[in-house]
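Below you'll find the structure, written out as structure tokens, and then a few comments.
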Amino acid sequence: MSQSYVPNKSVPVRVRFAPSPTGYLHVGGARTALYNYLFARRWGGKFILRIEDTDEARSTIESLKMQIEDLKWLGLDWDEGPHPQTLIDKGHFGPYRQSQRRIIYKEWAEKIIAKGLAYYCFMTDEEISQQRQQAEAQGKPPQVNSPYRHWTLDQAQEKLAQGTPATVRFKVMGEKRDYVLNDLVRGEVRFPSDMVGDFVLMRSSGMPVFNFCCAIDDHLMQISHVLRAEEHLSNTLRQMMIFEALGWKLPEYGHLSIILGPDKQKLSKRHGATSCNDYRENGFLQEAMNNFIALLGWSSPQAQEILSREELIEQFSPDRLHAAAAVFDEQKLHWVNATHLRNLPHEELWQRLLPFFNQAQLEFPTDMDWQDRALSALKTSMMTLKDGVELFKPLAKTTLPFTLPAKDTMSWESSPKVVAKWRELIAAHPQRYLTEDDFHQIQEIIKKECAVKGKFLFMPIRVAIIGKPEGAELKVLIPLIDKEVLVERADMALSLMDSPL
RNA sequence: GUCCCUUUCGUCUAGAGGCCUAGGACAUCUCCCUUUCACGGAGAAGACACGAGUUCGAAUCUCGUAAGGGACGCCA
């Protein structure tokens with residue numbers, strides 16, 4: 001690994017993210033997409049979205065749409081691939097959905113067969129599993145040994161003509177040797193060629209298999225760099241063999257570590273939220289998500305923790321990719337999110353909060369000045385946009401539940417007196433909203449007339465306003481709340497104090 | 001079973017033979033700010049998986065062991 005990585009200038013940078021549409025986009029996939037995106041943008045290359053939908057049973061158009069929505073949310077726009085709205089291909093190397101490239105794979109499979117480097121195999125599922133069991137019983141690697149390996153093409157074609165279903169198997173060369181991969185994140189990796197048996201290229205259904213289309217497409221789409229998940233590392237051997245059989249130049253590969261849950265097992269659904277969509281719905285910002293997942297296996301050369309998209313592009317380089325698996329730490333995500341949240345201009349922050357307010361049926365004044373003051377008062381306690389709902393609720397015209405510590409405050413001997421006076425004074429106030437000065441004056445009067453100070457003064461007032469004894473400063477909170485609402489809540493507090501608590 | 005990958009504070013990581021008494025960030029704890037909470041500021045605690053070797057010197061190189069992960073599919 002070199003100190004500062006620079007891609008080979010003679011090859012245009014073209015990278016791809018190639019998800020299979022079998023569910024939502026999970027955070028691991030998002031990170032792979034992000035790294036590829038950053039790589040392309042950093043080096044002025046193309047970022048391609050290719051859809052690996054050759055598993056007919058599991059691929060759905062709904063999943064494809066969901067994943068595209070998630071990529072759009074993350075802002076990882078692609079130069080080639082299905083159009084984000086219409087799904088119609090854009091770019092000169094299409095189609096970009098593998099299910100629509102079947103003819104291409106068939107042609108190349110036939111070329112490899114013609115070279116004598118692949119063959120038709122008529123083995124049934126039973127024969128294969130039987131062989132595998134036998135091999136395992138003998139302690140040998142569970143590789144298939146097809147009896148059709150040595151058939152002539154004529155023989156095979158005759159059987160094919162009878163309508164017998166056949167797969168196409170790659171013929172792994174006899175003499176054992178090492179295939180050497182120079183991995184961008186792992187350095188030199190050696191695979192012994194006998195690591196794999198004759199593997200399937202084309203299913204009997206005519207659909208190609210992942211390793212085959214991946215190799216074909218990476219070449220045909222002129223992919224220069226492949227950044228993908230670690231689970232593909234061993235697959236790379238097969239792809240290297242296919243490239244070799246066709247006499248093609250290999251792209252560069254970088255195998256990314258996997259993302260683990262808190263129990264150090266591969267992150268999966270049982271860990272709770274793992275899809276990008278979950279995080280979006282839970283009020284995380286796209287900026288924070290990108291920032292946080294970028295840091296899961298990559299570090300900024302300046303040890304910077306909070307980075308904008310531009311900074312990520314500027315600083316990204318594969319030589320700072322970490323080879324070890326990383327645990328997804330939600331706490332740090334929260335911190336990253338809170339930090340980005342506070343850095344957002346208020347106008348923008350408000351726009352992002354709006355969908356959450358609407359969902360909770362909360363309505364607020366539309367003037368920017370009010371919104372600006374409200375955000376200044378409350379955003380420091382906001383980790384996620386969703387937190388904004390509970391935080392802003394006291395500013396809306398709704399009833400609020402009293403919390404347990406609030407009841408404690410209200411049980412103080414002087415509290416009913418204080419709240420009653422507070423109610424009386426605000427009810428008599430001429431304006432719809434109190435100013436900070438108004439509040440101070442009112443507070444002074446209560447202080448004198450009720451002969452209380454300190455927490456015995458402001459805590460009951462606070463509870464009579466927001467239903468709980470902690471929160472933002474009263475002097476900024478009160479000018480944000482309609483007087484009618486303040487009176488209503490004071491009444492509510494009083495009635496609760498009348499009844500035994 | 002065979003092959004491949006990985007292993008630094010609880011977590012994310014810096015580190016590419018002497019700069020390491022191992023640095024930063026999140027989380028934790030303490031203090032300051034504050035008539036509450038949060039924000040902010042200062043500080044504390046906390047790690048080189050283990051064992052051999054190479055070397056004057058090893059977190060860094062080599063080999064073993066252990067643990068975790070991956071591949072060995074007509075899944076991707």
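Below, chains carry the letters A, B, ... as their sequence lines are ordered, and counting in each starts from 1. It should be emphasised that the depicted structure is a prediction, and the values quoted were computed from it without experimental measurement.
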Whole-Å C1' distance, B/A38 and B/A76: 46 Å
Whole-angstrom distance between B/C9 and B/A14, as gauged at atom P: 12 Å
Same-atom distance (C1') from B/G69 to B/U28, integer angstrom: 29 Å
Phosphate-side-chain proximity, A/R169 and B/G73, N/O vs OP1/OP2 below 4.0 Å: no
Rounded distance in Å - NZ (A/K264) to P (B/G10): 9 Å
Pairwise P distance, B/A42 and B/U6 [rounded to whole Å]: 38 Å
A/Q265 side-chain N/O to B/G68 phosphate OP1/OP2 under 4.0 Å: no
Phosphate-side-chain proximity, A/R320 and B/A16, N/O vs OP1/OP2 below 4.0 Å: no
Sugar-phosphate, base or nothing in reach of A/V196, heavy atoms under 4.0 Å: nothing
A/H334 and A/F284 aromatic ring geometry - parallel, tilted or perpendicular at 30°/60° bounds: perpendicular
Phosphate contact (B/A14 OP1 or OP2) by A/H322 side-chain N/O below 4.0 Å: yes
Below 4.0 Å: OP1/OP2 of B/G24 and any side-chain N or O of A/S299: no
Length of the line joining A/L201:CG and B/G73:C1', which is rounded to integer Å: 14 Å
Rounded interatomic separation in angstrom, taking CD from A/Q331 and P from B/C12: 13 Å
Side-chain N or O of A/R462 closer than 4.0 Å to phosphate OP1/OP2 of B/U35: no
